[in-house]
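Order of the sequence lines sets the chain letters (A, B, ...), proteins ahead of strands, with each chain counted from 1.
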2 protein chains.
Amino acid sequence: MQITLKDIARESGYSVTTVSRALAGYDDVNENTRRHIATIAETLGYQPNLLARQLRNQRTQTIGLITPAPDDDVGSEFFSQLLLSLSSAASRVGYDLLVSAQSAGEPEMAAYRRIVGGNRVDGMILARTRKHDERIAFLKSLNHPFAVNGRAAPDEVSDFAYIDVDSQAGIRAAVEHLTGLGHRQIGLILPPPEMAFTEFRHNGYCEGLAAADLPYRDEFVRYGDLMQSGGYMHANALLDQHPQMTAIVACNDLMALGAMSAAQARGLRVGYDLSITGFDDIPAAEYAHPPLTTIHQPMHEIGKLLVKILDSLIRGESTEQTQILLSSTLVIRASTGRRKGGADD
Amino acid sequence: MQITLKDIARESGYSVTTVSRALAGYDDVNENTRRHIATIAETLGYQPNLLARQLRNQRTQTIGLITPAPDDDVGSEFFSQLLLSLSSAASRVGYDLLVSAQSAGEPEMAAYRRIVGGNRVDGMILARTRKHDERIAFLKSLNHPFAVNGRAAPDEVSDFAYIDVDSQAGIRAAVEHLTGLGHRQIGLILPPPEMAFTEFRHNGYCEGLAAADLPYRDEFVRYGDLMQSGGYMHANALLDQHPQMTAIVACNDLMALGAMSAAQARGLRVGYDLSITGFDDIPAAEYAHPPLTTIHQPMHEIGKLLVKILDSLIRGESTEQTQILLSSTLVIRASTGRRKGGADD
DNA sequence: ATCGTCATCCAAATCGTTTCGGATATCTAT
DNA sequence: ATAGATATCCGAAACGATTTGGATGACGAT
C-alpha cells in the first residue's frame, strides 16, 4: 500500500541505497539520476516512513508531555494554554508533540517509562513540579533530556534545566499592592503543600507582610487544591473565622475566581468590601466580574523558551542558559481596591 | 544503552523469539521459563522499543491532531479545550496524541502528508472544517481513518465520521430567546465565510427571525474572524450604522466578548441597552462581565465521542454510529435582557 | 601500458520487534 | 518398536529506512 524506497528503486533501476542518497541530496549521486529519482518519487507520491527512519536514526523529532488526567482536574486552564504554546513552539523548530494524559502517581510514572524508555521522544517537558519529584529523578537517572516549567522547592537543588517565573516576588508584589491600599488582614490560599512552588509563594506572602510591618498569622493561611471549588471553600472558611479580613491572596486564578464567587454569595462587593488577587492571568481572569488583579505568566514565552532549551539539550549543544527565572508582573485590575472603613485591626 | 530483547536472550540463554513470546504471554513457552525470562526482564529494566514494535506491527496506538498555528490565532480557547479533552479520552482507551501546530494552507497539508503518509498515527482528528475541505479530501483518498468535529457545509455531503452540535438550532434558539425578550433589530456576526458551519448558523438566524415574523436584513449581518478583535470591530460597525439595534448574536464567545467591550466602550450597558449572545461556552464566558448568554458545546463529551468513533474506525469494527449530531443547549446568563424603551422599529 | 584519481553506484548490516514455519525431544497409544 | 501427539523452542524473514565500506569503470598523467 505504502510507497517505499524499494518501489522507487525498482521503478528507476537504481539500488535502494542510491535512491535513499539521491533523495537525501548526497553529492555522490549523479545530478541526472538524482533528478530522475526525484521525479519518480514525486509521481509515485513517496512519503518516507517516519517510524523506520526514527528507528534507524535513533531520533524522533518529537517532544513528550504528560498532562494530568482531568479527573484530578488540577488547573486545566493552565495546562491547555501550555499545551498550545508548546505545540506551536515545537512545530516551529521541527518537533512534534506527543501528549498523554495520566493521573498522578503510578499511572503517570508508567507513562514516563513507556514513552521515554520506549524511545518515542527525544525529550520531555515537565510542568507542575512537586517536592521530591519522582519524574525528575527518573529522567535524571536515565540521563534523558528534559526541561521543566518550574523549579524545585526552595530546600532542594534545581540541578536541571528549567524556566520559572519568580512567583515569590510576584506574591510579594501582590501583598505589597494590597498593603499599599490599606489592607491589614490579608488571607492566603496556597497551592497544595506537595507542590514545589508552594513555599515560594508562602515566602512571598511573608515578605510582603514583613515589608509593611504586619504580623504573620498562621490561621490566615490555608492550603487549597488549585481548583475553583477549593477557592470557594477556603474563602468561606477564612471569612467565617475572620470577618475582619479585607483581602485574600489566592495562588492561582481558578481559586481566586472561586473566592470571588464565595465573597459575592455572602453579599460582599469584590474590589470594595473584599480585595482578591490571583496568579497565572488565564483568559477568564480578564473577563471576571470584576476583572481579576493577578500575576501574569507569559505562557507563550514560556513555551517557546522551554522548547528552545530542550532542543539545545537534545542536540547536545554547548547549551546557552538552561535555567531561567522570569520576573513576574502584577496586573492590576478591579478586584482589588482601597480598604473601606473599619479600624486598623 | 537501551535494554533489548537480545540482551534478555543472552542473559537467559533463550532465543530472542522465545523471549519475545514469553513476554507477550504466548502459551507455547513453558511457564517456568516464562517466569525466568520475566524476572530477568524486570531486573534489567526492560522497556520495549515502541518504534520497532510500531514499525513491525504497522500500528502506532497514536491519534494525530493538527492545530492552527497561533499566528492565525483562530479561537485558541476552543482548541486548547479540545486538545485537553482529546488527550485524556485517548489515553483512556490506550492511545497517545500526536500534536502539530501548522498554519492553514500548504504547511498544514504538508503536515498531513508527513504524519499520515509517514505512518506516525493510526487515525486523525479534524476540527474546524472548511468548505471543500482539502484535508478531508486527502484523508478520504488515502482511506485513512479520521473523525471530524463538525459537518460539511449544508450543500456538501458529509460522507465521513463526524460529531457536531446542531448549531443551526442553537443560533435559532438564541434568536428566539432575543425576540422573546422583545428585540426586533438583531445583528449577526458570523464566522468567516469559508468555514463549513457558517451557513448553518446563518440559517439558524434566518429561521429565528422568520419564527418571529421579522424581516431578514442583509446589512445586519457581518462576517467576522472568530477573534475578539473582530467582534469588537464588527459590533462597532453594526452599532454605527444601525443605532437602533438592540441585540447582537455573535457566532463564538470570543467575538461576543469583543462585542461586549465595544458596547461598553460606547457606554452601553450589556444586558440592558444591548443584548449579546455567543457560542461555545468557553470558561471565560461564565466569568464575563456580565456573564455571557451562549450556546454550550460539551467539549468533554465531544472529545470522548470523537476518540470512540475513531477507535472503532481504526479497529475496523462494524462501527456503531459514526455520525452524531448533538442537540445544543442555550445557556441564559446576564448578557441578554428585555428590550428597553423605544418604538418598535 | 600502468597507476592513481574521480565520479558514480551498491550490497549488506543495522535499528528492535514480531511472526511464520518448522525443529527437536518427550510422551502416549498401538 | 513405531507412529502420532504434544510441549517447547528457535532461525530467519519481515517492517522501511540509513550508512559503512567498498566496487566499478572512465579518465588523465606518466
Side-chain angles (χ1 to χ4, degrees), chain A residues 1-38 40-41 44-62 113-122 142, chain B residues 1-38 40-41 44-62 113-122 142:
Chain A
M1 207 75 301
Q2 203 193 172
I3 308 294
T4 71
L5 288 185
K6 211 197 278 187
D7 299 315
I8 303 180
R10 193 182 330 101
E11 193 72 16
S12 67
Y14 291 99
S15 73
V16 168
T17 302
T18 299
V19 171
S20 171
R21 314 205 90 206
L23 294 177
Y26 282 76
D27 65 356
D28 68 349
V29 16
N30 184 284
E31 178 57 18
N32 285 324
T33 89
R34 213 217 84 246
R35 265 201 293 270
H36 181 210
I37 288 174
I40 293 182
L44 257 45
Y46 171 70
Q47 285 289 337
N49 185 311
L50 297 176
L51 293 178
R53 177 180 286 178
Q54 291 171 4
L55 175 61
R56 165 69 221 218
N57 289 352
Q58 302 288 69
R59 203 66 166 13
T60 63
Q61 293 296 354
T62 306
R113 283 194 296 271
R114 182 174 61 84
I115 289 178
V116 174
N119 260 44
R120 289 211 68 185
V121 298
D122 294 336
L142 255 65
Chain B
M1 207 76 299
Q2 202 193 171
I3 309 293
T4 71
L5 289 185
K6 211 197 277 187
D7 299 315
I8 303 180
R10 194 183 329 102
E11 193 72 16
S12 67
Y14 291 98
S15 73
V16 168
T17 300
T18 300
V19 172
S20 171
R21 307 196 64 122
L23 294 178
Y26 281 76
D27 64 357
D28 67 349
V29 16
N30 184 285
E31 178 56 19
N32 285 324
T33 89
R34 213 218 83 246
R35 266 200 294 271
H36 181 212
I37 287 174
I40 293 183
L44 257 45
Y46 171 70
Q47 286 289 337
N49 185 311
L50 297 175
L51 293 177
R53 176 178 286 177
Q54 291 171 3
L55 175 61
R56 166 67 221 215
N57 290 350
Q58 300 289 70
R59 202 63 166 13
T60 61
Q61 292 295 352
T62 306
R113 283 193 297 270
R114 181 173 62 83
I115 288 178
V116 174
N119 261 43
R120 289 211 67 185
V121 298
D122 294 336
L142 256 65

Minimum-distance nucleotide to A:Leu5 side chain [options: D:dG16, D:dC10, D:dT18]: D:dT18

Minimum-distance nucleotide to B:Thr17 side chain [options: D:dA17, C:dT19, C:dC9]: C:dT19

Counting any heavy atom closer than 4.0 Å, what does [X] reach on the DNA or RNA strands: base, sugar-phosphate only, or nothing?
| X | result |
| --- | --- |
| B:Ser20 | base |
| B:Arg53 | sugar-phosphate |
| A:Gln54 | nothing |

Return the value, rounded to whole Å, for the distance between atom [atom1] of [X] and atom [atom2] of [N].
| X | N | atom1 | atom2 | answer |
| --- | --- | --- | --- | --- |
| B:Gln47 | C:dG16 | CD | P | 14 Å |
| A:His36 | C:dT8 | NE2 | P | 16 Å |
| A:Arg34 | C:dT8 | CZ | C1' | 15 Å |
| A:Ile37 | C:dC10 | CD1 | C1' | 12 Å |
| B:Arg59 | C:dT19 | CZ | P | 13 Å |
| B:Gln58 | C:dT17 | CD | C1' | 12 Å |
| B:Tyr26 | C:dT17 | OH | P | 15 Å |
| A:Ile8 | C:dC9 | CD1 | C1' | 17 Å |

Contact nearer the 5' end of DNA chain D, comparing A:Ile3 with A:Arg21: A:Ile3

Residue whose closest nucleotide on DNA chain D lies nearer the 5' end, B:Leu55 versus A:Asn57: B:Leu55

Step-by-step side chain to side chain contact (heavy atoms under 4.5 Å, CB included) determination, A:Leu50 to A:Arg53: CA-CA 5 Å; A:Leu50 297 176; A:Arg53 177 180 286 178; 4.2 Å; yes

Side-chain donor/acceptor of A:Asp28 to base of C:dC9, under 3.5 Å: yes

Polar pair under 3.5 Å, donor/acceptor by atom type, side chain A:Arg56, base D:dT18: yes

A:Asp7 side, atom CG; A:Gln2 side, atom CD - distance, nearest 0.5 Å: 9.0 Å

Distance (rounded to the nearest 0.5 Å) between B:Ile40 CD1 and B:Tyr46 OH: 13.5 Å

OP1 or OP2 of D:dC10 under 4.0 Å from side-chain N/O of B:Ser15: yes

Under 4.0 angstrom between A:Asn30 side-chain N/O and C:dA7 OP1 or OP2: no

Side-chain heavy-atom pair A:Leu44, A:Ile8 within 4.5 angstrom cut-off: yes

Check against side chain to side chain contact (heavy atoms under 4.5 Å, CB included), B:Thr18 and B:Ile37: CA-CA 9 Å; B:Thr18 300; B:Ile37 287 174; 4.2 Å; yes

